[in-house]
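What you see is a predicted model; the values in this text were computed from it and never measured.
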Protein chains: 2
Amino acid sequence: MQTPPMIGKNIQRIRSARKLTLNVLSERSGVSKAMLSQIESDKVNPTVATVWKIARGLNVELNDLLEADDEPKRVFSLNPAAEESSKMEKKQNGITIRILSPLSMVEELEMYLLTFEPHASLESEPHYSGTQEYLTVVKGTVKVTVGDNTAELKRGDFLMYHCDTEHAIRNESAQVAIVHMVVRFSPDRR
Amino acid sequence: MQTPPMIGKNIQRIRSARKLTLNVLSERSGVSKAMLSQIESDKVNPTVATVWKIARGLNVELNDLLEADDEPKRVFSLNPAAEESSKMEKKQNGITIRILSPLSMVEELEMYLLTFEPHASLESEPHYSGTQEYLTVVKGTVKVTVGDNTAELKRGDFLMYHCDTEHAIRNESAQVAIVHMVVRFSPDRR
DNA sequence: AAACAGTGTTCAGTATACTAAACACACAAA
DNA sequence: TTTGTGTGTTTAGTATACTGAACACTGTTT
């Protein structure tokens, strides 16, 4: 980050998105609405404690209020021959699926970037015996259940499992979570 | 984050690691050394602006001072059969390579988590015609050069290229960068 | 129209973040 | 010993973050 954070804009934006009034946010966060108003209009230099309370009140991570909002992610390829690399995005049930791998690899190896809205979950029936999935958490935390095992993963954590048992990925937190997924279709048997 | 950040501890830790005195950090950051001392011993509730200045002085991201230090990442598998999944880690030239994929997949598909210290870079000669690499940035920013194309990637960005030209991944920033890499050995030709 | 209930903003007072300077303690050099 | 140079801490004063209350500006209801 090269430039001081625009906290005001961020709080303002998220508060509007949540459709909260200053009074409500004040109650939830324990910060006076006078202060909220002044912070949003960049009239003051809030303390970390105050911003942290606001983050709690908004159910976001502290960093989400301090970081520039550069979330929209670029996807591209340096190799012209593979430029067909699909930029497709599907959105459903609070989950945005971005397909990273080129179309030519379908049915062999696929890579996705999954964005989970708060409390979104992705449940899968057992399928494709032999297929494996590899998860790496890029942001936030998710809870992954495979059969009757469950694991809580945070950023940087990695998990691999076979898809022949039912499995689910859940974002039980109140923050957005992003996970990188590689699906490998079994090359050997079948 | 459930608990207010322990800014003091973080600053203290990083400053010691950098072997900086309060005077020096004060100069670099523009924050008085009196304030630095009080912040480190949790006697005050600093403003965001102040903490931001300190982050600049320390050459770290603002978030690194506010977040709990839970960086050590877990790697494991829910599938007992694949428990041989190597937890190997190599460290060299400021780059930590964690192998994610199970050993059984070697020579076919490999997955890594690469941690780049500030200014670390990974240069590769052209090799294995047909082999492809897929990068996803998990933290920070890196500059990737393939042949004479160069791209600056930030968190969430994805990039794919063929390995038959020389390529390099560089972390030119002053912060740690983490990238997820999938290497796919060409199945068709060869 | 008046009275109301909701919004966000501005005001006056107080608590405190922040600074410059003085301080205390270490270790080294004379 | 004294004198110095470095460390981090504490002090006193000023700037300002923060609060509760009053305010202004909607739109609705009677």
CG of B:D42 versus P of D:dT10: gap in Å, rounded? 13 Å
Under the side-chain hydrogen bond (donor to acceptor under 3.5 Å, both in side chains) test, residues paired with A:K143 that sit two or more places apart: A:E172
Who are the side chain to side chain contact (heavy atoms under 4.5 Å, CB included) partners of B:S41, not counting sequence neighbours? B:K43
With sugar-phosphate taken as primed atoms, P, OP1 and OP2 and all else as base, the protein-contact string of nucleotides 5-18 of chain C at under 4.0 Å (heavy atoms; B, S, -) is --SBBBB-----SB
For A:S26, check side-chain hydrogen bond (donor to acceptor under 3.5 Å, both in side chains) against everything at least two apart and list the hits. none
Using the side chain to side chain contact (heavy atoms under 4.5 Å, CB included) criterion, which residues pair with A:V176? Sequence neighbours excluded. A:T115, A:E117, A:P118, A:I178
For the helix from C:dA1-D:dT30 to C:dA30-D:dT1, what is the angle between the axes at its two ends, each from 5 pairs, rounded to 10°? 10°
From CG of A:L25 across to P of D:dC18 the rounded distance in Å is 14 Å
Inter- and intrachain pairs under salt bridge (charged side-chain N to carboxylate O under 4.0 Å, His left out), touching residues 32-42 of chain A, at least two apart: A:R15-A:E40
Under the side-chain hydrogen bond (donor to acceptor under 3.5 Å, both in side chains) test, residues paired with B:T141 that sit two or more places apart: none
Passing candidate, side-chain contact (heavy atoms from CB on, under 4.5 Å) with A:V48, options B:V51, B:T47, B:T50, B:I39: B:V51
Taking only residues two or more places apart in sequence, or in another chain, which ones meet A:Q38 in a side-chain hydrogen bond (donor to acceptor under 3.5 Å, both in side chains)? none
Considering residues at least two apart in sequence or located in another chain, which fulfil the side chain to side chain contact (heavy atoms under 4.5 Å, CB included) criterion with A:S37? A:L22
In whole angstroms, the gap separating P of D:dT10 from CG of B:L36 amounts to 15 Å
Close N/O contacts between protein and nucleotides 24-26 of chain D (under 3.5 Å):
none

Within this structure, what is the CD1-to-C1' distance between B:I54 and C:dT19, rounded to whole angstrom? 14 Å
All side chain to side chain contact (heavy atoms under 4.5 Å, CB included) counterparts of B:S121, not counting sequence neighbours: B:E123, B:R170
